[in-house]
Every structure is written in C-alpha cells, then in structure tokens.
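One structure is given below, encoded as structure tokens.
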Amino acid sequence: MTTPKIRVRFAPSPTGPLHIGGVRTALFNYLFAKHNGGDFLLRIEDTDQTRYVPGAENYIMEALDWCGIKIDEGPREGGPHAPYRQSERKELYAGYAQQLIDSGHAYYAFDTPEELDALRTDAEVHGGTFTYNNLTRKGLKNSLTLPGSACAALLASGEPHVVRFKMPENLVVEETDLIRGHVQFNSDQLDDKVLFKSDGMPTYHLANVVDDHLMEITHVIRGEEWLPSMPLHVLLYEAFGWRATMPQFSHLPLILKPVGKGKLSKRDGDQLGFPVFPLAWKDPETGDVSRGYREDGYLPDGFINMLSLLGWNPGTEQEIFSMEQLIESFSLDRVGKSGSRFDPEKTKWFNHQYLIRHTDEELAGLFAPFLNSKGITVSQELLVRVTGLVKERCHFVHEIWDQGFFFFEAPTTYDEKIVSKRWKDGVPGMMAEIAGFFGNLENWQAPAIKEPFSLFVTEKGWNFGTIMNSLRLCLVGGSFGPDIFEICEIIGQPETISRIQKAVQNIPAVIG
RNA sequence: GGUCUGUUCAUCUAAGGGUUAGGAUUCAAGAUUUUCAUUCUUGCCAUAGGGGUUCGAAUCCCCUACAGACUACCA
C-alpha cells in the first residue's frame with residue numbers, strides 16, 4: 001500500500017477580504033503541502049448565497065498571489081476535481097444527504113426558522129439554551145416524529161425542510177489533532193446540525209466533508225474556531241463509511257489583538273494604525289476602504305516571514321526565512337497551541353530587514369512609481385544610486401522619498417528646530433564663503449570635495465560640527481540623510497552652490 | 001450558562017524531568033556615524049496561583065484563576 005500524496009486545501013468563504021489569520025492558515029497549509037511534496041488547493045466555500053460579496057473571491061486569489069502562495073488546483077487553475085467552487089458543485093450534495101437519510105444517520109426536519117427562534121428565546125428567558133438534539137428532537141416536527149405517510153406528503157408538497165444529522169447518544173468521539181494531541185468529546189453535548197438547507201444548498205459541514213473526501217484531502221489544517229465541530233465531521237466521515245481515508249486534523253491557534261482581549265479584528269487595525277488585510281479592500285456596500293499591507297508598502301516576503309513565525313517556530317534561532325527556507329523547515333509539530341498576539345512593531349522590523357536585503361535595482365523598481373506619481377523623472381542610474389544610499393534608513397519603500405527627496409528637488413522648507421540650533425549669527429556668512437569655495441573646485445567627486453573642504457575649514461578655524469550640520473541644513477532642509485559629500489556630488493556643483501545661497505538668503509539668522 | 005482549548009519576559013518564542021530559563025522585537029544606556037537611520041555593545045524584563053509525583057518540575061498529575069473559541073437553515 002502506497003502512502004497517498006499529501007493534499008491540503010484552503011477553503012475560505014468569499015464573504016469579504018481575507019484577513020491576516022486567513023492568510024496564515026493558507027500559508028501553513030501551503031508550507032505543509034510543499035514541504036511534503038504535496039498539493040495545495042483553493043476551494044471556495046460559497047454555500048451561503050446570502051453572504052456572497054462581489055470581488056471577494058478575486059481578492060482572495062490576488063492576495064495569495066501577492067504572498068507567493070501558489071495554488072495547484074482551484075477555481076482559476078482548474079484541476080482533476082473541478083469545479084472548486086461549492087456553488088458549482090451544488091447538485092452533488094443532495095445525493096450525499098440522501099445517502100445519510102437512507103442509512104439512518106440523518107433525517108428531515110420541517111421546523112421553520114421562526115419556530116426555532118421562538119424556542120431559543122424561550123429557553124433564554126428561562127436561563128437555558130435550546131439545542132436541537134436527542135432530547136428535543138422527539139418533540140419537534142421531523143421525519144423521526146412524523147408518521148411516514150405524513151412525512152412523505154410534506155416532502156411531496158414541497159414543504160420547506162432541512163436535513164439534520166442524527167447525533168448518536170452518549171458516544172465518546174476521540175480524535176488526534178496533529179497540533180493538540182488527543183481530543184475527545186461526548187456526543188451528548190453536540191446537536192443535530194443542519195447538513196442540508198431548505199434553499200437546496202448544503203451547509204459548510206456537509207459540503208466540507210464531502211468535498212474533502214472527493215478531493216482526496218489528506219490533511220485538514222484550519223483555525224481553532226473549528227475545533228468544536230471536529231467531532232461532527234469525524235462522525236460524518238464514519239456515517240459515510242469513509243473513516244479509513246479520513247484526513248488528519250490540525251487546528252491552528254488564533255491570532256490575537258496587539259492589546260486588550262480577543263482575536264484580531266478589522267477594528268484593531270483602524271484604531272492602532274496597521275493593516276489587518278494583505279491587500280486594500282473597498283467594501284462594495286459601504287464604500288469604506290480598509291488599508292492593506294501591499295498598499296502600505298510592505299514587502300510580501302517580509303510579511304510572509306512575519307506571519308510564519310506567528311504560532312510556528314523552527315526550533316533554531318533563525319528568523320529570516322525565504323519562502324523556500326520556510327518550506328524546507330516547516331513542520332506541524334512545531335506549531336504552538338496557544339494564541340499569539342499580533343505585533344505590528346515586529347512586522348515593521350521584518351519589513352526593514354527585507355528592504356535592506358533587496359538589491360538597489362529591485363528597490364529602485366518598487367520606488368519608481370512613487371517618483372512618477374510626483375511627476376519626477378530621473379535616470380535609472382540616479383534612482384538606483386539614491387536608493388542604495390538611503391535604503392538602510394528606511395522601513396518602507398515610500399520612505400525612500402522621505403529620506404532622499406532632496407536628491408530630486410531642492411528643499412523648500414527648513415526644519416525650525418535645526419535652524420534654531422545651527423543657524424547662529426556667524427553661520428550665514430560662513431556658508432556664503434563655503435559657496436564661494438565650492439565654486440572654485442575643479443573635481444566634483446565626493447572624496448575630491450571632502451579633502452580640500454576639510455583643509456579649508458581647518459584653516460579658517462571653524463568648528464566642524466557647526467559647519468557640517470549647517471551645510472546639511474542648506475542642502476536637505478534638516479538633519480538627516482546620507483554623507484554630505486555624496487549628496488554634493490549627486491546633486492552637482494551648481495545645485496550645491498545654489499542651495500547654499502538660497503539658504504543664506506532665506507533663513508533668518510538666529511540671534512544668540 | 002454549557003462544551004472544548006490554552007497560559008514562559010510588555011510582545012513573538014526556545015528549553016519535550018537536571019542550563020545562571022536562551023534568542024528576537026520593543027524600551028533604556030553607551031559606542032560608531034561630525035547629522036538621522038543603520039550597525040555593535042550593554043541593560044531591564046518571564047515559567048499565572050496553589051497543591052501533589054520526584055533526589056530533582058517551566059516540563060508529569062490535580063485544583064483554582066484568567067484568557068479564548070464554539071454554542072445559526074454563517075463559514
């Protein structure tokens with residue numbers, strides 16, 4: 001007997017943008033599959049037509065693309081088990097529901113949503129909870145209580161009905177979770193879940209089990225919120241007679257808010273100023289726009305690296321991982337059990353690490369659009385050089401502008417703090433002299449400027465700190481940026497002199 | 001309320017009965033950079049509490065506390 005090929009699926013519901021937690025689930029599935037030479041499938045779980053959100057499915061695929069998570073089989077890619085959209089597999093599920101009814105594992109229920117709601121609110125008033133289970137099903141309207149003829153008549157008349165799972169009584173359901181180990185439940189605590197809805201669509205539970213079986217999924221890796229429904233799924237596999245090929249389950253820990261209680265939500269991002277979505281998303285209903293990591297200038301590989309370490313660790317002290325390295329090192333048994341708080345600061349740090357690891361050319365390519373949007377066109381050579389000079393001081397691509405705008409245009413304002421600190425009485429005069437000195441230089445290469453300049457300042461008996469910082473103020477408008485002589489060389493001799501003259505004219509001397 | 005799951009520095013985590021409980025982020029200090037950032041060094045900071053088991057417990061067991069998830073004809 002050969003071991004089957006590892007096959008996992010990421011099965012989101014297209015009800016909106018994917019958030020960080022979903023991306024991580026997809027990532028761990030992907031890493032697990034690829035580590036084991038298996039397949040990663042995308043299956044769209046759109047069985048709830050009322051929650052369909054246009055654009056969400058595309059968003060999911062675009063987000064995975066951006067992250068570098070490659071789909072082997074999916075609605076766009078196709079594959080041997082197509083279609084991969086549950087709404088397109090609709091016809092399939094009724095037969096399986098029927099199979100369960102025939103074998104006595106499921107039954108028809110005719111209770112209306114209104115009747116059930118009433119039962120629930122009534123139970124609540126009395127401090128309890130209504131559960132559709134072996135205790136209550138005897139008193140409700142279903143094929144277990146109705147005489148066969150009455151039931152058949154109702155079905156024939158097209159009376160709306162659902163199919164419910166007949167949860168066995170007092171049965172201990174045991175299962176091994178690859179992350180959590182042995183987990184057990186008593187079936188008495190579970191309810192008769194709806195498997196097939198009155199609108200002709202299956203619920204998640206049925207569709208998920210049927211599709212995982214049909215698609216030959218070997219491992220189900222999903223969020224912890226699914227743990228409580230694991231026993232139902234196991235029982236479903238057993239009812240279908242698929243126990244032997246049932247996938248192995250793993251439930252990933254949750255991603256929690258950076259501060260406060262509870263799991264990470266969209267609101268946290270808005271409040272704390274960081275994205276919770278990989279890509280920006282415009283809500284088609286409200287028009288609200290949520291920011292995305294991509295749009296905020298995060299690099300996908302850094303984003304993925306950060307996510308990979310949320311709940312997983314390699315057991316070594318390495319923390320910078322390319323996708324290839326992640327695939328190489330990933331294993332489910334190094335995934336933790338406890339929830340992780342999301343840390344936006346560390347995410348920034350990761351981005352910086354990836355920013356400085358990118359070549360100047362790559363970064364320049366990413367930065368070029370920012371420059372274009374400001375109507376600035378420069379040579380590729382200059383762009384690459386400037387990028388290389390300032391990248392170490394940036395956390396984000398767009399900060400290349402903040403750190404290096406003065407290479408492209410003269411400063412229009414001067415940092416007041418620095419002015420009051422540096423622009424003392426004698427300084428404008430000194431700067432004017434320096435402008436004159438620069439005008440006489442023949443060789444305008446950074447080292448060739450620095451040497452005679454140092455000599456000149458020494459001869460004058462000026463204070464180096466004052467001169468350098470003041471000169472920097474003239475050239476960039478503040479107290480930042482790379483080496484001054486590099487700046488001089490790049491912006492050129494006339495521009496250097498002109499900026500000094502402009503500063504001398506425009507910055508009023510500080511008295512005292 | 002019930003069921004299930006979890007709990008090591010502020011945060012992400014290592015240590016799968018024997019280490020001064022390690023690393024990273026943040027923060028602080030110093031060095032470097034005649035600026036800023038980077039980089040380097042140093043520092044601060046943790047086994048939720050209580051009981052066991054054991055020569056020995058972060059690690060195994062029990063209780064308590066806290067946290068979270070689930071409890072829909074949603075996924």
Side-chain angles (χ1 to χ4, degrees), chain A residues 11-15 45-48 50-51 86 109 111-113 116-117 120 123-124 127-132 160-164 177 179-180 183-186 188-191 193-205 207-208 222-231 251 253-254 256 258-259 261-263 306 309-320 333-334 336-350 352 356 390-395 399 403 418 421-422 454 463-473 476 478-484:
Chain A
S13 164
T15 52
E45 310 233 324
D46 53 352
T47 50
D48 186 356
T50 62
R51 295 214 307 162
Q86 288 183 330
D111 318 274
T112 65
L116 294 174
D117 277 347
R120 281 195 192 94
E124 246 173 70
T129 330
F130 168 75
T131 313
Y132 209 119
H161 62 275
V162 300
V163 175
R164 281 181 185 272
D177 179 294
I179 292 172
R180 281 148 219 284
V183 188
Q184 61 171 247
F185 302 81
N186 188 301
D188 281 351
Q189 306 298 335
L190 275 21
D191 61 343
K193 276 273 180 292
V194 171
L195 299 179
F196 201 84
K197 301 184 273 187
S198 57
D199 65 358
M201 285 293 252
T203 60
Y204 166 81
H205 301 292
N208 158 265
R222 77 238 289 201
E224 189 184 314
E225 65 271 27
W226 294 109
L227 194 51
S229 51
M230 181 167 75
H251 292 90
L254 265 12
L256 277 12
V259 291
K261 302 173 174 185
K263 65 174 178 178
M306 175 279 296
L309 261 13
L310 231 44
W312 171 83
N313 82 85
T316 66
E317 287 181 357
Q318 180 180 356
E319 25 185 17
I320 301 296
D333 47 61
R334 292 210 64 91
K337 301 187 205 349
S338 52
S340 335
R341 255 180 215 284
F342 179 71
D343 185 353
E345 285 304 320
K346 195 148 186 181
T347 310
K348 279 188 192 169
W349 177 81
F350 268 111
H352 178 249
I356 59 179
V390 302
K391 72 175 182 184
E392 291 250 318
R393 15 172 73 78
C394 299
H395 279 77
E399 284 176 356
Q403 292 295 332
I418 306 301
K421 191 176 171 193
R422 300 293 178 190
S454 304
N463 177 290
F464 254 101
T466 309
I467 296 301
M468 295 298 278
N469 286 301
S470 305
L471 181 54
R472 181 177 291 281
L473 178 66
V476 312
S479 171
F480 52 88
D483 181 71
I484 289 195

For a side-chain hydrogen bond (donor to acceptor under 3.5 Å, both in side chains) check, start with the C-alpha distance between A:Tyr132 and A:Asp111, then their side-chain angles and the critical distance, and finish with the verdict. CA-CA 11 Å; A:Tyr132 209 119; A:Asp111 318 274; 2.6 Å; yes
All N/O pairs under 3.5 Å across the protein-nucleotides 38-43 of chain B interface:
residue, atom, partner, partner atom, Å
B:U38, O2', A:Glu392, OE1, 2.5

Give every pair of a protein N or O atom and an N or O atom of nucleotides 69-75 of chain B that lie under 3.5 Å apart, one pair per line with the distance.
residue, atom, partner, partner atom, Å
B:C73, OP2, A:Arg120, NH2, 3.4
B:C73, OP2, A:Arg164, NH2, 3.3
B:C73, O2, A:Ser198, N, 2.8
B:C73, O2, A:Ser198, OG, 2.6
B:C73, N3, A:Ser198, OG, 3.0
B:C73, N4, A:Asp111, O, 3.1
B:C74, OP2, A:Lys197, NZ, 3.2
B:C74, O2', A:Asp48, OD2, 3.2
B:C74, O2', A:Arg51, NE, 3.2
B:C74, O2', A:Arg51, NH2, 3.2
B:C74, O2, A:Arg51, NH2, 3.4
B:A75, OP1, A:Thr47, OG1, 2.7
B:A75, OP1, A:Lys197, NZ, 3.0
B:A75, OP2, A:Tyr204, N, 3.2
B:A75, O3', A:Glu45, OE1, 3.3

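The phosphate of B:U11 (OP1 or OP2) has no side-chain N or O of A:Lys346 nearer than 4.0 angstrom. Phosphate proximity of B:G68 to A:Arg341: absent, as no side-chain N or O sits under 4.0 Å from OP1 or OP2. Contact annotation: A:Thr316 does not reach the phosphate of B:A14 (side-chain N/O to OP1 or OP2, under 4.0 Å).
Contact annotation for A:Arg222: no contact, since no heavy-atom pair falls under 4.0 Å across all strands. Counting any heavy atom pair closer than 4.0 Å across all strands shown, A:Val183 reaches sugar-phosphate atoms only and no base atom.
For A:Asn313, whose side chain is taken as the heavy atoms from C-beta onward, the closest listed nucleotide among B:C4, B:U13, B:G23 is B:U13. With B:U3, B:U7, B:U5 as the candidates, the nucleotide lying closest to the side chain of A:Arg180 is B:U5.
Residues A:Glu345 and A:Gln403 each lie close to RNA chain B; by heavy-atom proximity, the contact nearer the 5' end of the strand is made by A:Glu345.
Pairing for B:C40 is with B:G30, a Watson-Crick or G-U wobble pair whose two hydrogen-bonding atom distances lie under 3.5 Å.
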